[in-house]
Amino acid sequence: MQNFSKHAFAFALGICMVAASIFIIWQTHSNKVKEAHASATDNVSGFAWSENIGWISFNDTDSGAGGGQSYGVNYTVATEQLTGYAWSENIGWIKFDPVGPYPGAPNNSAKLNLSSEETSGWARACAGSPNGDCTGGVGPNANSGGWDGWIKLAKDSSDGGASYGVIFTKVTKEFSGWAWGGDVVGWISFNSQTDGSGVQYAVKGSFNTPPTVSDLSTNTVSVCASPTYQQFSWNFSDAEDGSTQTSYQLQVATDSDFSTLIIDTGVVTTPSTSRSIMVSLPPTSNLQFNTSYFWRVQAFDSLAASSGWANGPNFTTPQNPLPSVNFTWQPSIANISENEYVFFTDATNFYSSTQGWLWVITNATYQNGTNNTSQNPVVTFNTIGDQTATLTATNNVGSCSVEKSLGTIKTPLPQFKEVKPQ
């Protein structure tokens, strides 16, 4: 009897220890909802939750889940593809890049568009597929129990019923929303913020989200006595804290498909505050006057991620430069006297047939039928002292002015008349 009591006690103690172990394992798993980490080769981690099948782990290399195999889900920014495996203790592997044919639209495996922050396509539970590779077909017997395993990440126009979808928020780097796995899996919540359960969990992405460029604009900067410039400007933004623009590439072409490049800056390293570039027109660049162009720009963040090409508005350069103003006069500065005729000669390069003149000459009277709008006026000065002359020349693009000092107008020498001695 005593031996029986000892055995009964040992058995009861064993039951308690097993129960305690189960509780510890459960508690550990429950705590891991906030502690899952991605492996070096996979950049999606954390847990999703289904009321039908429980927790779904997106990456775990050290807990022994998944039969002790390393697994994870990875996102590739360039292709927008989600690939790899998640793990459910109740249904096994869930593959995020299963091959088709797919059971309906859209005709692609799981994808994430970072611009819209929306997912699309299909994942698939692989419990009944050979070797867990999800290649068992789409028929009613593809997976065990007549279940095909398909999980849809977002509703599209072909669906009826409730709206659903999984999104990725670039600012928080967390997935949220709901996927639909049919009658077996049911609804899958990717973030505790959307299910109201009070248990903290989320599926997270540790990948670098690319920056964006927006508000592209261009304008012509015409400055007198300087080259004409075309200015290209844009705004840079990145959802990630501390990510700044470190370089850009700008291209200008005469065709919309950019097969004939006029300018290609290559990747230019620049201060993070730089959001524009000035390109001069002839003779110092390949841009020509009176020509229509297309342009685009891509910017890179501090982690070398590209925004991708963004097209700016088409533009047409001015027909020609502003006038290059110049003039001369005779007699020379040292020889001008009061009431003496001074002949001004326009030496402006107008670059067009549109030509106009406006003279401002201080203390002068116009002579020989000329006036202040004549190309080559003739004047006399009414007073002595320092005088200036300003010419404003106008062409079809605009006006420019040049002011010059004429020096000091002198008192004329007295007139002497030879008189015969008496």
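Scanning all heavy atoms of the two residues, the minimum distance from I151 to A125 falls at CD1-N, 4.5 Å. The two residues A305 and P211 make their nearest non-hydrogen contact at O-CD, 3.4 Å. Here the shortest heavy-atom pairing between A86 and I56 reads CB-CG2, 3.8 Å.
Interatomic distance, T212 OG1 to D301 CG, rounded to the nearest 0.5 Å: 10.5 Å. Atom-to-atom distance recorded for D97:CG and T76:OG1 is 9.5 Å, nearest 0.5 angstrom. Here the CZ-CH2 distance, from R124 to W122, works out to 11.0 Å after rounding to the nearest 0.5 Å. Interatomic distance, CG of L287 versus CG of L281, reported as 5.0 Å (0.5 Å rounding). Atom CG of N59 is separated from atom CG of N43 by 9.0 Å, given to the nearest 0.5 angstrom. With rounding to the nearest 0.5 angstrom, the CZ atom of F58 is 10.5 Å from the OH atom of Y71.
For the pair T244/D238, no side-chain contact is recorded, criterion being any heavy-atom separation below 4.5 Å from C-beta on. Under the 4.5 Å side-chain criterion, counting only non-hydrogen atoms from C-beta, S401 is not in contact with V325. In this structure the side chain of K152 reaches within 4.5 angstrom of the side chain of P106, judged on heavy atoms. Looking at T388 and K404, their side chains never come closer than 4.5 Å, going by heavy atoms from C-beta outward. For the pair N311/L216, no side-chain contact is recorded, criterion being any heavy-atom separation below 4.5 Å from C-beta on. Side chains of Y293 and T218 form no contact here, defined as non-hydrogen atoms less than 4.5 Å apart. In this structure the side chain of F344 reaches within 4.5 angstrom of the side chain of I361, judged on heavy atoms. In this structure the side chain of N372 reaches within 4.5 angstrom of the side chain of L358, judged on heavy atoms.
Residues forming a ring-ring contact (aromatic ring centres under 6.0 Å, His included) with F232 (at least two apart in sequence, or on another chain): W295, F315. Looking at residues two or more places apart in sequence or on another chain, you find a side chain to side chain donor-acceptor pair (under 3.5 Å) between D346 and T348, W357, Q375. Not counting sequence neighbours, the partners of T265 by the side-chain contact (heavy atoms from CB on, under 4.5 Å) test are Y248, Q249, L250, I263, V268, I277. With sequence neighbours excluded, the residues forming a ring-ring contact (aromatic ring centres under 6.0 Å, His included) with Y75 are F207, listed by chain and number. Under the rule for a side chain to side chain donor-acceptor pair (under 3.5 Å), the partners of S292 that lie at least two apart in sequence or sit in another chain are T316. In terms of the side chain to side chain donor-acceptor pair (under 3.5 Å) criterion, T291 has no residue partners (sequence neighbours excluded). Applying the side-chain contact (heavy atoms from CB on, under 4.5 Å) criterion to T370, with sequence neighbours excluded, gives Y366, S374, P377, V378. Not counting sequence neighbours, T169 has no partner by the side chain to side chain donor-acceptor pair (under 3.5 Å) test. S217 meets the side-chain contact (heavy atoms from CB on, under 4.5 Å) test with S233; sequence neighbours excluded. Under the side-chain contact (heavy atoms from CB on, under 4.5 Å) criterion, N396 pairs with Q319, N320, S352, T354, not counting sequence neighbours.
Looking at S88 and N90, their side chains never bring a donor and an acceptor atom within 3.5 Å of each other. Residues T362 and Q387 bring a donor and an acceptor atom of their side chains to less than 3.5 Å of each other. Defined by atom type and a distance below 3.5 Å, a donor-acceptor pair is present between the side-chain atoms of Y201 and S189.
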Donor-acceptor list for residues 108-115 side chains, cut-off 3.5 Å, not counting sequence neighbours:
| unit_1 | atom_1 | unit_2 | atom_2 | d |
| --- | --- | --- | --- | --- |
| S109 | OG | Q81 | OE1 | 3.3 |
| N113 | OD1 | S115 | N | 2.8 |
| N113 | OD1 | S116 | N | 3.2 |

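Between W309 and F258, the distance from one ring center to the other does not fall under 6.0 angstrom. Here the two rings, on Y102 and W150, have centers that are under 6.0 Å apart.
Below 30°, between 30° and 60°, or above 60°: for W55 and F47 the angle between ring planes is above 60°, a perpendicular geometry. Relative ring orientation between W93 and Y85 is described as perpendicular, the plane-to-plane angle rising above 60° on a 0-90° scale split at 30° and 60°.
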Would you sort out whether Q298 and W234 count as a side chain to side chain donor-acceptor pair (under 3.5 Å), showing the intermediate values?
CA-CA 10 Å; Q298 62 173 332; W234 61 91; over 6 Å; no
Test Q230 against M278 for side-chain contact (heavy atoms from CB on, under 4.5 Å), laying out the working first. CA-CA 6 Å; Q230 194 71 28; M278 301 278 282; over 6 Å; no
*Between F381 and T365, is a side-chain contact (heavy atoms from CB on, under 4.5 Å) present by the stated rule, with each step listed?*
CA-CA 6 Å; F381 288 93; T365 300; over 6 Å; no
| said: Is there a side-chain contact (heavy atoms from CB on, under 4.5 Å) between F300 and V267? Walk through the geometry before answering. | reply: CA-CA 9 Å; F300 301 85; V267 178; 4.1 Å; yes
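Side chain of S285 to main chain of V279: no donor-acceptor pair is present (N/O by atom type, distance under 3.5 Å, no hydrogens or angles). Judged by distance alone, with hydrogens and angles left aside, the side-chain atoms of T317 form a donor-acceptor pair with the main-chain N or O of N290 at under 3.5 Å. With N314 contributing its side chain and F294 its backbone, the two residues share no donor-acceptor pair below 3.5 Å. Distance alone, capped at 3.5 Å, is enough to place a donor-acceptor pair between the S50 side chain and the V185 backbone. Counting only distance, with no hydrogens or angles, the side chain of N326 and the backbone of A347 share no donor-acceptor pair below 3.5 Å.
Screening W180, W187, F190 against Y164 for a ring pair (Phe, Tyr, Trp, His ring centres under 6.0 Å) leaves a single residue, W187.
When the shell of 6.0 Å around CD of E51 is examined, it contains 12 or fewer heavy atoms from other residues, nucleotides or ligands.
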